[in-house]
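Worksheet: the structure to be examined is printed underneath.
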Amino acid sequence: MKIFCVGRNYAKHAKELNNEVPTTPLIFMKPKTALLPNGLTFYYPEFSNDVHYEGEIVIRISKSIKSLEPSRVKDFIDGVSVGIDFTARDIQAKCKEKGHPWELAKSFDFSAAIGDFVEMDLEEISKSEIKVLKNGEQVQHGSALDMIFDIPTLVSFISHRFTLHRGDLIYTGTPAGVGPIARGDVFEIYLNDKRLLVTDIK
Ligand code: ZN
């Protein structure tokens with residue numbers, strides 16, 4: 001399986017990191033070894049001093065897709081969840097400065113926390129809200145309605161370049177409110193008031 005992630009898909013988040021709003025989707029990938037299932041602990045990696053959380057809505061692909069038009073995407077999604085795109089912001093800053101790829105900052109082991117999946121049709125997913133609680137306090141809140149590139153556009157765009165298979169995941173980008181994690185933190189992520197992911201940091 002493959003894990004795709006979308007960068008800068010909410011205008012307010014692009015702005016908080018002083019990035020331009022993209023005119024085509026910004027896509028990167030994480031390997032399968034990046035997955036951290038719901039309920040497990042995230043261990044702070046020794047190679048970074050500034051790991052950030054990015055809470056995101058995650059969709060799951062239901063069957064093989066190649067070059068799909070946006071209007072047909074609704075038949076190719078079989079679940080939705082939430083996840084955390086853990087990002088070593090200090091490493092990413094160096095990558096950006098040098099024009100290097102982002103994998104060292106984004107794709108390390110357990111950098112993709114993933115919640116439990118629920119079934120939902122595309123129409124419902126497209127107006128879903130994500131809420132991130134850090135130690136019980138809300139730090140991120142976003143609606144899929146505010147995505148710069150909506151889900152049909154993202155899936156279509158990706159499928160024109162990469163064949164998608166059943167089980168592939170797409171992290172659809174983070175709303176504003178990202179920030180650093182610390183040992184002892186507990187994150188809870190909700191999709192429409194359903195808690196789908198809990199992880200603690202050690
Ligand atoms: Zn992200």
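Only this structure's heavy atoms are used, side chains among them; waters, hydrogens and symmetry mates stay out. None of the values given here were measured: they were computed from a predicted structure.
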Which value, rounded to the nearest 0.5 Å, describes the distance between Thr87 atom OG1 and Gln92 atom CD? 6.0 Å
How far does CG of Leu154 sit from CG of Asn9, to the nearest 0.5 angstrom? 5.0 Å
Can we say Lys15 and Glu20 salt-bridge, meaning some charged N sits less than 4.0 Å from an Asp/Glu carboxylate O? no
Side-chain heavy atoms nearer than 4.5 Å, only ILVMFWY residues, links allowed to pass through others: does that put Val118 and Ile151 together? yes
Please evaluate residues Ile158 and Leu164 with respect to the criterion side chain to side chain contact (heavy atoms under 4.5 Å, CB included), reporting the C-alpha separation (whole Å), side-chain torsions for both, the decisive distance (0.1 Å), and the verdict. CA-CA 8 Å; Ile158 292 171; Leu164 290 164; 4.0 Å; yes
Decide, yes or no, whether a salt bridge links Arg60 with Asp78 under the criterion of side-chain N to carboxylate O below 4.0 Å. yes
Heavy atoms, side chains only, cut-off 4.5 Å: are Ile170 and Val155 in contact? yes
Please determine whether side chain to side chain contact (heavy atoms under 4.5 Å, CB included) holds for the pair Ile148 and Val21, giving the CA-CA distance in whole Å, both sets of side-chain angles, and the decisive distance to 0.1 Å. CA-CA 8 Å; Ile148 295 169; Val21 171; 3.4 Å; yes
Plane angle bin for Phe42 and Phe108 - parallel if under 30°, tilted between 30 and 60°, otherwise perpendicular: tilted
Could you walk me through whether Ile125 and Asp121 pass the side chain to side chain contact (heavy atoms under 4.5 Å, CB included) test, one step at a time? CA-CA 6 Å; Ile125 297 172; Asp121 60 25; over 6 Å; no
Under a 4.5 Å cut-off applied to non-hydrogen side-chain atoms, are Glu54 and Arg89 in contact? yes
Say whether, by atom type as modelled, one donor and one acceptor occur between the side chain of Asp185 and the main chain of Ile201 under 3.5 angstrom. no
Can you find a pair of side-chain heavy atoms, one from Pro22 and one from Phe149, that are under 4.5 Å apart? yes
Atom pair NZ/CZ of Lys2 and Phe162 - distance to nearest 0.5 Å: 9.0 Å
Donor-acceptor contact below 3.5 Å, side chain Glu56 vs main chain Gly173: yes
Any donor-acceptor N/O pair, Ser128 side chain to Ala144 backbone, under 3.5 Å: no
Below 4.5 Å, heavy atoms only, C-beta onward: do Pro152 and Leu122 meet side chain to side chain? yes
Without swapping roles, check the side chain of Ser156 against the backbone of Leu68 for a donor-acceptor pair under 3.5 Å. yes
Counting only N and O atoms by type, is there a donor-acceptor contact under 3.5 Å from the side chain of Lys30 to the main-chain atoms of Lys106? yes
If you look at every heavy atom in Ile57 and Met147, which pair is closest and at what distance? CD1-CE, 4.4 Å
Minimum heavy-atom distance Asp200-Thr41, with the two atoms named: OD1-OG1, 2.8 Å
Rounded to the nearest 0.5 Å, how far does CG of Leu133 lie from NE2 of His141? 11.0 Å
Is the closest side-chain heavy-atom distance between Phe4 and Ile61 below 4.5 Å? no
Measuring only between side-chain heavy atoms, which start at C-beta, is Tyr190 closer than 4.5 Å to Ile130? no
Over 60° means perpendicular and under 30° means parallel, so tell me whether Phe86 and Phe187 are parallel, tilted or perpendicular. perpendicular
Walk me through whether Val139 and Tyr53 qualify under side chain to side chain contact (heavy atoms under 4.5 Å, CB included). CA-CA 10 Å; Val139 287; Tyr53 59 87; 3.5 Å; yes
Given 3.5 Å as the limit, does a donor-acceptor pair link the side chain of Thr174 with the main chain of Gly55, or not? yes
Measuring from Arg183:CZ to Tyr44:OH, what's the distance to the nearest 0.5 Å? 7.0 Å
Flag yes if Phe47 and Tyr43 sit in one hydrophobic cluster, no otherwise; membership is Ile, Leu, Val, Met, Phe, Trp, Tyr, and two members link when side-chain heavy atoms are under 4.5 Å apart. no
Any His160 side-chain heavy atom under 4.5 Å of Glu69 side chain: yes
If you measure only the distance, is there a donor-acceptor pair under 3.5 Å linking the side chains of Thr153 and Asp150? yes
Salt bridge check: are Asp193 and Lys131 linked by an N-O gap of less than 4.0 Å? yes
Which heavy-atom pair separates Thr24 from Phe157 by the least distance, and what is that distance? CB-CE1, 4.4 Å
For the NZ atom of Lys194 and the OG atom of Ser81, what is their distance to the nearest 0.5 Å? 10.5 Å
Other hydrophobic cluster members with Ile3, side-chain heavy atoms of Ile/Leu/Val/Met/Phe/Trp/Tyr under 4.5 Å, chained? Met1, Leu35, Val58, Ile114, Phe117, Leu169, Tyr171
With a 4.5 Å heavy-atom cut-off, do Asn19 and Lys96 have their side chains touching? yes
Any donor-acceptor N/O pair, Ser48 side chain to Asp50 backbone, under 3.5 Å: yes
For the residue pair Leu197 and Gly83, what are the closest heavy atoms and their distance? CD2-CA, 3.9 Å
Hydrophobic cluster membership, Val178 vs Leu191, 4.5 Å side-chain cutoff: no
Hydrophobic cluster membership, Trp102 vs Ile91, 4.5 Å side-chain cutoff: no
Between Ser107 and Ala105, is there a donor-acceptor pair closer than 3.5 Å when you use the side chain of the first and the backbone of the second? no
More than 12 non-hydrogen atoms from neighbouring residues, nucleotides or ligands closer than 6.0 Å to NZ on Lys66, yes or no? yes
Determine yes or no for a side-chain-to-main-chain donor-acceptor pair under 3.5 angstrom, with Lys12 supplying the side chain and Gly142 the backbone. no
I'd like to know if the side chain of Thr199 and the backbone of Gly39 have a donor-acceptor N/O pair within less than 3.5 Å. no
Sequence-distant partners of Arg166, salt bridge (Lys or Arg N to Asp or Glu O under 4.0 Å), two or more places apart: none
Do Met29 and Leu104 belong to the same hydrophobic cluster, where Ile, Leu, Val, Met, Phe, Trp and Tyr are linked whenever their side-chain heavy atoms lie under 4.5 Å apart, directly or via other members? yes
Using the ring of Tyr10 (Phe, Tyr or Trp, six-membered ring only), decide whether Arg8 places NZ or CZ under 6.0 Å from its centre and within 45 degrees of its axis. no
